[in-house]
Amino acid sequence: MKTVLTYGTFDLLHAGHINILRRAKELGDFLIVGLSSDEFNLQKHKESYHSYEDRKLILEAIRYVDRVIPENSWDQKVKDVLDNKVDIFVMGSDWEGHFDFLKEHCDVIYLPRTTGVSTTKIKTDLQGV
Ligand code: C2G
């Protein structure tokens with residue numbers, strides 16, 4: 001069994017999120033998502049609309065996602081990869097190169113971001129609606 005791991009906030013779920021989750025799952029058999037906690041989001045200078053619990057509920061309803069674990073810090077990835085026997089780490093191309101340190105533990109693949117959609121754009125477009 002080939003285990004894939006990815007991370008994110010996944011707030012206001014959109015096609016870009018689904019595209020990366022689908023493509024990540026296509027690379028293996030079991031997809032684990034490290035979901036940013038509300039507290040960690042603050043470290044990423046992000047504030048999500050949905051709580052961690054709701055974002056987790058939504059992710060767990062997606063056919064591509066097999067397990068959701070909390071992402072509480074920048075420093076947990078190596079442990080997560082080892083603890084979960086991860087074969088492939090996947091992130092969108094906006095993170096190209098940021099996680100190459102994981103290459104000694106697993107394959108690291110950056111997939112092209114879906115253009116034209118983002119949580120920030122959704123929030124901006126809906127302002128004043
Ligand atoms: N993504 C994408 N296309 C978009 C928007 C997002 O492919 N139009 C991808 C991102 O590249 C990322 C994933 O969807 O791989 C989740 O995106 P976010 O929820 O914005 O997560 P991010 O803030 O990038 O958090 O430790 C890693 C961080 O937790 C990543």
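Residue numbers count from 1 along this sequence. Whatever order the structure lists ligands and atoms in, that order sets their numbers, starting from 1.
For atom 6 (C) of ligand 1, the nearest non-hydrogen atom of the protein is Arg113 NH1, 3.6 Å. For atom 26 (O) of ligand 1, the closest non-hydrogen atom of the protein is Glu71 OE2, 2.5 Å. Lys44 NZ, 3.5 Å is the protein heavy atom nearest to atom 28 (C) of ligand 1. Summary of contacts: the protein heavy atom closest to atom 24 (O) of ligand 1 is Trp95 NE1, 2.8 Å.
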Inset, instruction - Show the numbers, then the answer: is there a side chain to side chain contact (heavy atoms under 4.5 Å, CB included) between Ile109 and Arg23? - result: CA-CA 11 Å; Ile109 297 175; Arg23 288 174 294 162; over 6 Å; no
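A heavy-atom distance below 4.5 Å is found between the side chains of Tyr64 and Ile18. Residues Arg113 and Ser118 meet the side-chain proximity criterion, which asks for heavy atoms closer than 4.5 Å.
Counting only distance, with no hydrogens or angles, the side chain of Asp29 and the backbone of Lys2 share a donor-acceptor pair below 3.5 Å.
Counted by atom type alone, Ser36 and Lys46 present zero donor-acceptor pairs between their side chains at under 3.5 Å. Side-chain N/O atoms of Asn19 and Thr114 include a donor and acceptor closer than 3.5 Å.
Between His17 and His14, the ring planes lie parallel to each other; the angle is under 30°, not in the 30° to 60° tilted range. Relative orientation of the Phe40 and Trp74 rings is perpendicular, given thresholds of 30° and 60° on the angle between their planes.
Geometrically, ligand 1 and Lys46 share a nitrogen or oxygen pair separated by less than 3.5 Å. For Ser118, no nitrogen or oxygen atom sits less than 3.5 Å from a nitrogen or oxygen atom of ligand 1, counting backbone and side chain alike.
The nearest non-hydrogen atom to atom 14 (O) of ligand 1, considering only Leu12, Thr114, Ile20, comes from Ile20.
When heavy-atom distances to ligand 1 are checked against a 4.0 Å cut-off, Asp94 comes that close only through its side chain, counted from C-beta outward. Looking at Thr9 against ligand 1, both its backbone and its side chain come within 4.0 Å, counting heavy atoms.
Between Val4 and Val86 the shortest heavy-atom distance is C-CG1, 4.5 Å.
When Asp80, Leu35, Val33 are each tested for a side-chain contact (heavy atoms from CB on, under 4.5 Å) with Tyr7, only one passes: Asp80.
Applying the 4.0 Å criterion to heavy atoms of Phe10 picks out, from ligand 1, the atoms 16 (C), 19 (O). Atoms of ligand 1 lying under 4.0 Å from at least one heavy atom of Tyr7, given by number and element, are 26 (O), 27 (C), 29 (O), 30 (C). Below 4.0 Å from some heavy atom of Ser36 lie the following atoms of ligand 1, by number and element: 29 (O). Near Lys77, meaning under 4.0 Å from any of its heavy atoms, are these atoms of ligand 1: 26 (O), 27 (C). Those atoms of ligand 1 that come under 4.0 Å of a heavy atom in Val117, given as number and element, are 4 (C), 8 (N). The atoms of ligand 1 that sit less than 4.0 Å from any heavy atom of Gly92 are 11 (O), 15 (O).
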